[in-house]
K.L.:
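Attaching a single structure in structure tokens format; questions to follow.
In the text below, chain A, chain B and the rest are named by the order of the sequence lines, each starting its count at 1.
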Amino acid sequence: MSAAEVSLSPVSVKNKKKKKTFFTLMLRNRLALIGLFFIIIWTLFALVAPFIAPHSPTETDTISKLQGPTAAHWLGTDNYGRDILSRILYGARISIWTGLIGVGISFLIGVPLGAIAAFYGGKIGDFIMRCMDVLLAFPSLILAMAIAASLGPGLTSAMIAVGIVGIPEFARLMYGQTITLKEKEFVEASKAIGVKDTTILFRHIFPNALGPILVHATLSMGFAILVASSLSFLGLGIQPPTPEWGAMISEGREYIITGQWWLVTFPGLAIATSILGFNLLGDGLRDVLDPRLRSSK
Amino acid sequence: MAGYIMRRLLYMIPGFIGIILITFVLSRVLPGDPAVMIAGEQAPPDVVAKIRVDLGLDQPIYIQFMDYAKKLFQGDFGIAWHTGHTVLQDFASRFPATIELTLSSIFIAILVAIPVGIIAAVKKESILDHISRIFSLIGACVPLFWLGLMLIFLFYSKWDILPAPMGRISEGINPPTSITGLYLLDSLLSGDMIAFKDSLMHLILPAICLSTGTMAIIARMMRSSMLEVIGQDYIRTARAKGMRESQVIMKHALSNAFIPTLTLLGLQFGFLIGGAVITETIFSWPGVGGYITDSILSTDYAPIQAFTLISAIVFSLVNLIVDLLYGVLDPRIRYE
């Protein structure tokens, strides 16, 4: 067996009791379960939208425009007569997809940067972390707006904007985790037997830092959905007629004054419940993974 | 203390250079050619070429950056072609409206969140605690633009108890004599109660809308830091000495529990700047935020770039002020 294959990390030691405790605690956390429920519901809606949506999300019908909730259109119709329920169901695909890609970009760039900065330290580490500090100096939404405005409106721009805004927080979190972990005996032992740096980082440090990063990724999903829908609302994200929750609210904005509340209310509830889902699950995961928080609750 | 502030300001310089660099890079990744955007799609090539020379876009990138930084230090943020004024002029005329809105929302957030957080912690697991926790949870999830529109629907369209979301003051009423630019303050100072009442009615909804997210987060933080503090030995000692509970909470617990809340308040400033853009857009509030949305819709990049830059610098300075306030709240914290 080569040195690189020797696994000294505590993660590789299977601990069934620990896993059981994790699931038991998660099942006991009612708020986390509510969060998980919302996430499952919206993910299911996103997956099966073409099969369950009663109408096409882009099909216009001027005769039935601006109708309130009826038997034919459960959540009413918009100013082009499009079915709001169908648009919300299809909108779930875009919102969750934007959130996933956005958080994915933050994760894939932020985590390695934080790990490298902490593991190698010195000038490289200082340079990386100062760059992250500069990015953190920008208010999140403003930076996302500036990036999306530079790239031009659209789904890709929104995803990139959401992704870049999240990089520094992932990097800082991973930096903190790596700084602590690199002093642990199992890392020193791996170094002593000649395991390569990349192997130590990816096979030993990364799995042990995964808990807090997973919590942050879950919480970031809610934030990503919020930022992406805010960009669409401002005209910088997904463009009409694509069904997206923020863009739907923006389109229905002028009708709120004349009392047509359904154009704005239902997409807003969709955004709020999806964010609530990720926030509750993230909080629940944090409570379960951090015993100090568990006891002080 | 002065030495500490100077040192912190010096440490900020590399950060500010980084901020300028990022805004410069963002302006150079624009999908279209700025010269074509200014001249128009149909403009002849020689006109576009002249604009390119005028803007310095024919120069090497490092010279463009030096030129950009030099102009910034001279207060030249460029021209907003959708208004025809310099960005600085536009900012100056709209800034008081944004300040009035932001200060009011911070005021509302603190006024509600701090007592709610304290009561929730002191009466842990009571109905009030549960209500405050649910409010904190929901307040942090509701999108600002949706909340604003729902408030307009309820308070204007349905119940008609507040004026239309159109600016800072009704059309038939004269704005107060400008002293600070803040309508509420100016109308009070000039004794114009009609303008005061009308501007207050216009301010209520946008201020509540902008404050809700901050309120929820502060109430949550205040509750958790208060819970941590009231479990400490010195609080038990104060109680054992026979001190009244209100005194224990207000005199001993609050000042210590307020430090993490203050940090959060500084960080929330960033959220408020972003939130102001959305709130002003919804309520047609004539501030910098609404102007930025107009710039976005007109693809006028100079104001967005300037706003991004100024927001980042102000955000950094607010967090420095927050750091300095720690020493006021906790005399044990010394700046060396």
K.L.:
Determine the option with the most heavy-atom pairs under 4.5 angstrom with chain B, choosing from A:Ile271, A:Val134, A:Leu226.
P.N.:
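Result: the option with the highest number of such pairs is A:Val134.
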K.L.:
Provide the closest heavy-atom pair for A:Leu113 versus A:Ile128 in the form atom of the first, atom of the second, distance.
P.N.:
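Smallest heavy-atom distance, with atoms named: O-CG2, 3.8 Å.
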K.L.:
ring-ring contact (aromatic ring centres under 6.0 Å, His included) between B:His82 and B:Tyr291: does it pass, once the steps are laid out?
P.N.:
CA-CA 10 Å; B:His82 80 284; B:Tyr291 168 68; 5.6 Å; yes
K.L.:
At a 4.5 Å cut-off on heavy atoms, which part of A:Arg253 comes close to chain B: side chain, backbone, both, or neither?
P.N.:
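The answer is both parts of A:Arg253.
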K.L.:
I'd like to verify something: which residue of B:Ile304, B:Leu21, B:Leu149, B:Ile152 has the highest number of heavy-atom pairs under 4.5 Å with chain A?
P.N.:
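The candidate making the most pairs under 4.5 Å is B:Leu149.
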K.L.:
What residue in B:Leu137, B:Ile282, B:Asn319, B:Val142 has the most heavy-atom pairs under 4.5 Å with chain A?
P.N.:
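Ranked by heavy-atom pairs under 4.5 Å with chain A, first place is B:Leu137.
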K.L.:
Select one option (side chain, backbone, both, neither) describing which atoms of A:Thr273 are under 4.5 Å from chain B's heavy atoms.
P.N.:
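Nothing of A:Thr273, per the 4.5 Å heavy-atom cut-off to chain B.
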K.L.:
Closer than 3.5 angstrom, by distance alone: can the side chain of A:Ser95 be matched with the main-chain N or O of A:Ile225 as a donor-acceptor pair?
P.N.:
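Here the side-chain-to-backbone pair does not exist.
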K.L.:
In terms of heavy-atom pairs under 4.5 Å with chain A, which of B:Gly15, B:Ser157, B:Gly18 leads?
P.N.:
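The residue among B:Gly15, B:Ser157, B:Gly18 with the greatest pair count is B:Ser157.
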K.L.:
By a 4.5 Å heavy-atom criterion (distance strictly below it), what part of A:Phe138 contacts chain B: side chain, backbone, both, or neither?
P.N.:
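Contact with chain B: backbone and side chain both.
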K.L.:
Picking from A:Ile142, A:Leu269, A:Asp283, which has the most non-hydrogen pairs under 4.5 angstrom with chain B?
P.N.:
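The candidate making the most pairs under 4.5 Å is A:Ile142.
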K.L.:
May I ask you to name which of A:Ser230, A:Gly259, A:Gly235 has the most heavy-atom pairs under 4.5 Å with chain B?
P.N.:
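Looking at each of A:Ser230, A:Gly259, A:Gly235 in turn, A:Ser230 comes out on top.
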K.L.:
Assign the ring pair A:Trp261 / B:Phe153 to parallel, tilted or perpendicular, where the plane angle (0 to 90°) is split at 30° and 60°.
P.N.:
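Aromatic pair A:Trp261/B:Phe153 classed tilted.
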K.L.:
So what's closer than 4.5 Å to chain A heavy atoms on B:Ile22: side chain, backbone, both or neither?
P.N.:
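Contact with chain A is through the side chain of B:Ile22 alone.
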K.L.:
Taking A:Asn279, A:Thr265, A:Leu280, A:Asp133 one by one, which has the highest count of heavy-atom pairs under 4.5 Å against chain B?
P.N.:
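Option with the top pair count is A:Thr265.
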K.L.:
If we only count heavy atoms from C-beta on, is the B:Tyr156 to B:Leu162 side-chain gap below 4.5 Å?
P.N.:
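Answer no - side chains too far apart.
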K.L.:
Going by atom types only, do A:Thr242 and A:Glu244 share a side-chain donor-acceptor pair under 3.5 Å?
P.N.:
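Looking only at side-chain atoms, A:Glu244 and A:Thr242 do not form any donor-acceptor pair under 3.5 Å.
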K.L.:
Rounded to the nearest 0.5 Å, what separation is found between the CG atom of A:Leu85 and the NE2 atom of A:His73?
P.N.:
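The CG atom of A:Leu85 sits 10.5 Å away from the NE2 atom of A:His73.
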K.L.:
Looking at B:Ile313, B:Thr293, B:Ile278, which one has more heavy-atom pairs under 4.5 Å with chain A than the rest?
P.N.:
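Most heavy-atom pairs under 4.5 Å with chain A: B:Ile278.
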K.L.:
A:Leu141 versus chain B, heavy atoms under 4.5 Å apart: side chain, backbone, both or neither?
P.N.:
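Contact with chain B involves the side chain of A:Leu141 alone.
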K.L.:
Checking side-chain contact (heavy atoms from CB on, under 4.5 Å) against B:Ser105, which of B:Leu272, B:Ile208, B:Thr279 comes through?
P.N.:
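When side-chain contact (heavy atoms from CB on, under 4.5 Å) is applied between B:Ser105 and each of B:Leu272, B:Ile208, B:Thr279, only B:Leu272 qualifies.
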K.L.:
Quick one: of B:Pro143, B:Gly270, B:Ala140, B:Cys141, who has the most non-hydrogen atom pairs under 4.5 Å with chain A?
P.N.:
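Going by pairs under 4.5 Å, I would pick B:Cys141.
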K.L.:
I would like to know whether B:Tyr68 and B:Thr23 meet side-chain hydrogen bond (donor to acceptor under 3.5 Å, both in side chains); could you show each step before the answer?
P.N.:
CA-CA 10 Å; B:Tyr68 170 72; B:Thr23 45; 3.1 Å; yes
